[in-house]
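Report on one structure; see the data block that follows.
Per chain, numbering begins at 1; letters A, B, ... match sequence-line order.
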Amino acid sequence: MIFTSSYRALKLGWQNFWRNRWLSLVTVLILILTLFLISLIVTVKVVADKTLDSVKDKVDMSVYFSSTADKTVVTELQARLEEMPEVTQVTYISPDEALTKFKEDNKDNPVVLEAIEALDTNPLGAALVIKSKELSDYPAIIDVLDDPVYQNIIQDKARDFENNQSIIDKLSNITNNINKFGLVLAAVFAVIAILMIFNTIRINIYSYREEIGIMKLVGASNGFVRAPFVIESIIYALIASLICLGLIFTLINTIAPFLNRFFAGYELNIVDYFNQNFLLIFASLVVLSIIMCVLSSLIAVRRYLRV
Amino acid sequence: MIKFVNVTKIYQPDRAVGVKNINFQVYPGEFVSIVGQSGTGKSTMIKLIIAEVRPTKGKVIIGDWDITDISESEVPILRRQIGMVFQDFKLLNKKTVFENVAFALEVCGEESKKIEEMVPQVLKIVGLEGKKNRFPTEISGGEQQRVAIARALVHRPKILLADEPTGNLDSINAHEIIMLLEKINEFGTTVVLVTHNREIVNYLKKRVITIDQGVIISDQEGGKYIL
């Protein structure tokens with residue numbers, strides 16, 4: 001009996017969808033538009049967050065030691081820094097590596113290169129590249145470096161983070177605004193979308209009002225009347241989610257090269273992000289659209305059930 | 001058996017009176033015509049029988065079942081025991097003749113195999129065996145009403161309610177529909193016919209309940225149209 005009823009609900013739902021295909025098409029189109037708008041807001045937010053993360057990740061602090069610095073003291077300092085909870089990574093660069101890098105950086109400047117070649121010994125000392133969890137952690141690291149023990153071996157501190165501070169402040173501001181206004185915007189869009197979908201589904205169900213009345217008169221239970229509309233709504237939701245997913249991926253693939261060019265040098269692989277989260281995105285779209293459609297149709301059917 | 005005990009129905013919010021203090025009983029296997037002018041309460045009586053509205057006062061009993069305060073979830077069970085035929089046929093235009101009849105069984109959860117067996121039988125009774133794949137718009141008004149009767153009969157109800165079944169038909173088709181209702185009554189189904197067609201009532205020579213302004217003014221065996 002349950003099997004027979006479920007099969008009939010499926011059949012009737014599909015029949016409703018197919019025999020009213022123009023109205024179904026309009027409903028699906030509106031649903032796609034809605035889902036796409038909401039996805040767009042989420043995408044902008046993801047891009048902004050990822051940009052900020054990658055810019056933050058890029059920021060580090062370098063400490064250059066004099067060429068005469070005792071290696072054991074440097075290693076001790078490295079160990080001390082690595083123990084700090086704020087520090088995520090400390091990379092040791094030996095004097096040889098520093099020289100290679102220096103040459104590489106100045107390969108277009110023959111005067112500097114000649115001067116370096118003219119020296120018998122490596123004039124550069126070792127260096128430590130330090131990365132912290134948060135930008136606000138750098139002052140704590142500087143306190144350590146300011147320890148008098150290290151003063152005679154430290155030649156220079158490149159406070160890269162200070163140069164980046166203003167960029168990061170601006171980006172943080174943008175992401176905060178996106179988080180604030182985006183949320184409001186998304187909520188407004190969602191409300192408009194739900195109203196649009198509700199209206200479309202209501203028009204669709206309005207065309208079935210007579211049929212619903214007849215079903216009730218020949219003894220159909222409310223559940224029997226509702227089931228095909230729920231099935232029909234799920235069909236709308238699945239089709240719209242699939243098409244919307246296709247649109248998002250096309251969009252992401254189209255804008256990714258521009259974004260990557262714009263943020264050249266930063267780790268911002270938006271395509272990878274979407275590929276990795278494919279299932280989550282699809283599931284969210286399906287669940288969101290099913291909830292919107294099924295709720296709308298249940299509310300819309302309710303008024304015609306009173307026969 | 002249908003039993004009305006002191007039934008009054010007042011429609012809110014304008015306090016329009018549907019029926020007032022109605023008492024009558026229809027026995028199993030009877031053929032009863034309910035006659036009266038438009039707006040006198042005939043449709044209210046039908047609506048009370050199928051629990052589309054509840055009485056303001058009094059009791060409505062169908063079989064042994066007091067449906068006066070029937071719950072919403074029990075309404076479908078009641079309706080599956082009563083066949084209904086309407087003036088405007090109320091067929092689903094997007095479904096074929098066969099599907100329209102089968103529909104009444106599907107809503108009861110009947111097995112598909114049984115539906116395949118029962119629908120052709122009942123279509124044969126109403127004389128539509130050759131038209132099962134047509135859509136309602138492709139057949140005549142008289143034939144559409146036959147489909148509606150087939151749908152009302154297919155789950156073998158004990159009671160058949162016909163609300164102005166001939167209202168939209170010419171006299172020849174109307175006569176054929178009435179003969180079909182008589183035949184159904186001979187098989188043992190209780191038939192309640194609501195009409196204001198004088199010729200039909202006088203032709204039938206069965207029990208006639210006459211209603212005027214919500215009150216029964218006459219209830220006669222072998223009665224005539226007196227309004």
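The contact between B/I115 and chain A is made entirely by side chain atoms (from C-beta outward), counting heavy-atom distances below 4.5 Å. Neither the backbone nor the side chain of B/E74 comes within less than 4.5 Å of any heavy atom in chain A. Residue contact with chain B, scored on non-hydrogen atoms closer than 4.5 Å, is absent for A/N16. When heavy atoms are compared at a cutoff of 4.5 Å, A/L305 does not approach chain B at all. The part of B/L91 that comes within reach of chain A is its backbone (N, CA, C, O), which places non-hydrogen atoms under 4.5 angstrom from that chain.
Residues A/N204 and A/E232 have side chains that bring a donor and an acceptor to within less than 3.5 angstrom of each other.
By the 6.0 Å and 45° rule, A/R209 stacks over the aromatic ring of A/Y206.
The pair B/K131-B/E138 does not count as a salt bridge, with every side-chain nitrogen at least 4.0 angstrom from each carboxylate oxygen. The existence of a salt bridge linking B/K42 and B/E164 is confirmed by a sub-4.0 Å separation between a basic side-chain nitrogen and an acidic carboxylate oxygen. Residues B/E72 and B/R54 are paired through a salt bridge, judged by an N-O separation under 4.0 Å between the basic side chain and the carboxylate.
Per-residue counts of heavy-atom pairs under 4.5 Å with chain B were compared for A/Q15, A/M215, A/E210; the largest is that of A/M215. For the set B/Q81, B/M84, B/E52, the count of heavy-atom pairs under 4.5 angstrom toward chain A peaks at B/E52. Top candidate by heavy-atom pairs under 4.5 Å with chain A, chosen from B/R80, B/H155, B/K47, is B/R80.
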Worked verdict on A/Y304 versus A/Y208 for side chain to side chain contact (heavy atoms under 4.5 Å, CB included): CA-CA 9 Å; A/Y304 302 113; A/Y208 283 102; over 6 Å; no

